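In the text below, chain A, chain B and the rest are named by the order of the sequence lines, each starting its count at 1. Note that these values count all heavy atoms, side chains included, but never hydrogens, waters or copies made by symmetry. Everything numeric in this text was worked out from a predicted model, so none of it was measured.
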2 protein chains.
Amino acid sequence: MKARKDGKETRERILASACSVFAEKGFRDATVVEICKLAGANVAAVNYHFRDKSSLYLAVWQHSAAEESRLYPVDGGVPREATPERRLAGIVGSLVRRLGDQGTLGYFQKLKIMEMAMPTGIIWEVVREYREPFRDNLKRVIREMLGSGAADADVERCERGVVGQCMVVKEALREPFSTRTPDRMSARDFEEWTAHIVRFSIAGIRAIRNHVKNRR
Amino acid sequence: MKARKDGKETRERILASACSVFAEKGFRDATVVEICKLAGANVAAVNYHFRDKSSLYLAVWQHSAAEESRLYPVDGGVPREATPERRLAGIVGSLVRRLGDQGTLGYFQKLKIMEMAMPTGIIWEVVREYREPFRDNLKRVIREMLGSGAADADVERCERGVVGQCMVVKEALREPFSTRTPDRMSARDFEEWTAHIVRFSIAGIRAIRNHVKNRR
DNA sequence: AATCTTTTGAAATGGCCATTTGAAGTGTAT
DNA sequence: ATACACTTCAAATGGCCATTTCAAAAGATT
């Protein structure tokens, strides 16, 4: 009946603050007080708009996952008919460009790493839903490149390897594991990383293809 | 003057419990009460033997890092005179075998991932000390394989890629990112992963070498 | 303007947890 | 045996934080 707009506004301010605070501190170390202070809202607003901290966290994930697959599609914008090599480049480009997102999505990468390292258990469903199409797509590309002789395990290992290479681009370059500040990475840097990973991986996958052929 | 042995014993029981509890829950979510209960000791014992929770965490890292470089040397047991390819295999083998350690060290890999995702700031010094020789060694191997035309950035990217591939072997295969249970991986599985990563990476590095040559 | 509903605010509640405290217990040395 | 330092213990302390509560404020509807 009575739809007030100010309510939705603070809801979104809180969601935005929650994104950055959760990403900075993790689910456990982020406090509701801090999120609300950043949003210029009262603590009770979290209860009112989201029920509790966990549900707020879930909302952050749902929002971010949806936004991410909108801005960085799983195919990287490369058409399905393209060669597998070009499609691989599209996928890696998407993965790496996400890391450099300066807007609402750069933080989400950190959130994902944290969740991988110490699962809260709150967002399993979301992850499965948004990750499965991505993995399936990447596996399909790799399977084409490997040829018919490849086993599922071969595909899986290559897929893991590609993702692993992309993951460390930014996250592993932090204290205490590095003294570099990855926040300084430019768009050019990300392009170079993408090109590197694609070149490296294409050669790697071909080597596995050859090995598989000789194995039989 | 008066050195009692029972003191050292509970100290070590607490240290052992701390290893597993910290690895299971992370620094923040692990509680002193739980650690002590597992160790069969009183809460105050942490204060007495380690000063506080942070120092206990530090002690866990110092212990684990020392143990790790003892059991899994940075060169993987391959002599310095061996070909870079063989030395690479030694390094990757060390990295991957660590993941499968069933003893006191399997947990430490989780701890490292957590610290990478959400640094506590407590153990920076330890990480730098134990990681630098490892990275230097790996970079040296890769530089040899890349040839003299390679820039530092090329070496760095390859090095990151190799480490990234190793990292995801176990950690990324967990809920919610996978439904596999990596605890079931056998020694054979780890060998296959090692062989895969080595083959993949040698081909990748060669491709980068060729590209670098043509670039000039 | 009067009324209803949505939204906000400040303070209170209750739980969890690291750390402290001071006394009691225990091995070691004289 | 006695004294002494080392070690353990149970209970208290104090801080932090999510969540609740209930009254006040304010948009919407008539």
Side-chain angles (χ1 to χ4, degrees), chain A residues 1-61 111 114-115 118-123, chain B residues 1-61 111 114-115 118-123:
Chain A
M1 277 288 127
K2 317 226 178 171
R4 278 170 60 172
K5 57 186 174 190
D6 56 346
K8 296 298 165 195
E9 274 170 17
T10 56
R11 195 195 130 95
E12 289 186 9
R13 276 208 317 283
I14 289 175
L15 194 61
S17 315
C19 286
S20 61
V21 175
F22 277 136
E24 198 182 334
K25 312 234 171 152
F27 175 73
R28 182 63 192 278
D29 285 348
T31 74
V32 174
V33 171
E34 188 181 0
I35 291 170
C36 289
K37 195 172 288 176
L38 183 62
N42 189 276
V43 243
V46 164
N47 189 337
Y48 181 73
H49 289 287
F50 298 92
R51 182 190 304 285
D52 59 14
K53 191 184 176 185
S54 299
S55 307
L56 173 57
Y57 187 67
L58 178 61
V60 163
W61 269 78
L111 222 45
M114 289 186 203
E115 192 67 36
M118 18 191 351
T120 60
I122 298 171
I123 42 73
Chain B
M1 274 293 124
K2 315 224 176 171
R4 278 170 60 174
K5 57 187 174 188
D6 56 347
K8 295 300 165 195
E9 273 170 18
T10 57
R11 196 195 129 95
E12 287 185 11
R13 276 207 318 281
I14 290 175
L15 193 63
S17 316
C19 285
S20 62
V21 175
F22 277 136
E24 197 182 336
K25 312 236 170 150
F27 175 73
R28 183 64 192 279
D29 285 348
T31 75
V32 174
V33 172
E34 190 181 357
I35 292 170
C36 289
K37 194 172 291 177
L38 183 62
N42 189 275
V43 242
V46 165
N47 188 337
Y48 180 73
H49 288 287
F50 297 93
R51 180 190 305 287
D52 59 14
K53 190 184 175 185
S54 300
S55 307
L56 173 57
Y57 187 68
L58 179 61
V60 163
W61 269 79
L111 221 46
M114 290 187 203
E115 192 67 36
M118 18 192 350
T120 59
I122 298 171
I123 42 73

Checklist line | Which residues share a salt bridge (Lys or Arg N to Asp or Glu O under 4.0 Å) with A:Arg28, sequence neighbours left out | finding: B:Asp29

Value in whole Å for how far the [atom2] atom of [N] lies from [atom1] of [X]:
{"X": "A:Ile35", "N": "D:dA18", "atom1": "CD1", "atom2": "P", "answer": "8 Å"}
{"X": "A:Leu56", "N": "D:dC17", "atom1": "CG", "atom2": "P", "answer": "16 Å"}
{"X": "B:Asn47", "N": "D:dA11", "atom1": "CG", "atom2": "C1'", "answer": "15 Å"}
{"X": "A:Tyr57", "N": "D:dA18", "atom1": "OH", "atom2": "P", "answer": "14 Å"}
{"X": "A:Asp29", "N": "C:dC17", "atom1": "CG", "atom2": "P", "answer": "14 Å"}
{"X": "B:Glu9", "N": "D:dT8", "atom1": "CD", "atom2": "P", "answer": "9 Å"}
{"X": "A:Phe50", "N": "C:dT8", "atom1": "CZ", "atom2": "P", "answer": "11 Å"}
{"X": "B:Lys8", "N": "D:dT8", "atom1": "NZ", "atom2": "P", "answer": "11 Å"}

Margin query: Does anything in residues 8-21 of chain B form a salt bridge (Lys or Arg N to Asp or Glu O under 4.0 Å)? List the pairs, not counting sequence neighbours.
Written below: none

Item checked: salt bridge (Lys or Arg N to Asp or Glu O under 4.0 Å) contacts touching residues 38-48 of chain A (sequence neighbours left out) -> none

Next item on the list: With the side chain of B:Lys53 defined as its heavy atoms from C-beta on, choose the nearest nucleotide among C:dT19, D:dA18, C:dT6.
Entry: C:dT19

Which donor-acceptor pairs under 3.5 Å do the side chains of residues 18-27 of chain A make with protein atoms, sequence neighbours left out?
residue : atom : partner : partner atom : Å
A:Ser20 : OG   : A:Ser17 : O            : 3.1
A:Lys25 : NZ   : A:Glu34 : OE1          : 3.4
A:Lys25 : NZ   : A:Glu34 : OE2          : 3.4

Note to self: So if I define the base as every atom that isn't primed, P, OP1 or OP2, how would nucleotides 9-16 of chain C read as a B/S/- string at a heavy-atom cutoff under 4.0 Å?
What the structure shows: BB------

Margin query: Judged by each residue's nearest nucleotide on DNA chain C, which is more toward the 5′ side, B:Asp52 or B:Asp6?
Written below: B:Asp52

Notebook entry, point to check: Are A:Ile35 and A:Leu56 close enough that some pair of their side-chain heavy atoms sits under 4.5 Å apart?
Noted result: yes

Checklist line | Non-hydrogen atoms of B:Leu58 and B:Ile123 that approach each other most closely | finding: CD1-CG2, 3.7 Å

What donor-acceptor contacts under 3.5 angstrom involve side-chain atoms of residues 42-49 of chain A, with partners at least two apart or in another chain?
residue : atom : partner : partner atom : Å
A:Asn42 : OD1  : A:Ala44 : N            : 2.9
A:His49 : NE2  : A:Thr10 : OG1          : 3.3

Note to self: So, OP1 or OP2 of C:dT6: does either fall under 4.0 Å of a side-chain N or O from A:His49?
What the structure shows: no

Note to self: Does D:dT8 have OP1 or OP2 under 4.0 Å away from a side-chain N or O of B:Thr10?
What the structure shows: yes

Next item on the list: Identify, between B:Tyr48 and A:Val46, the residue whose nearest nucleotide on DNA chain D lies closer to the 5' end.
Entry: B:Tyr48

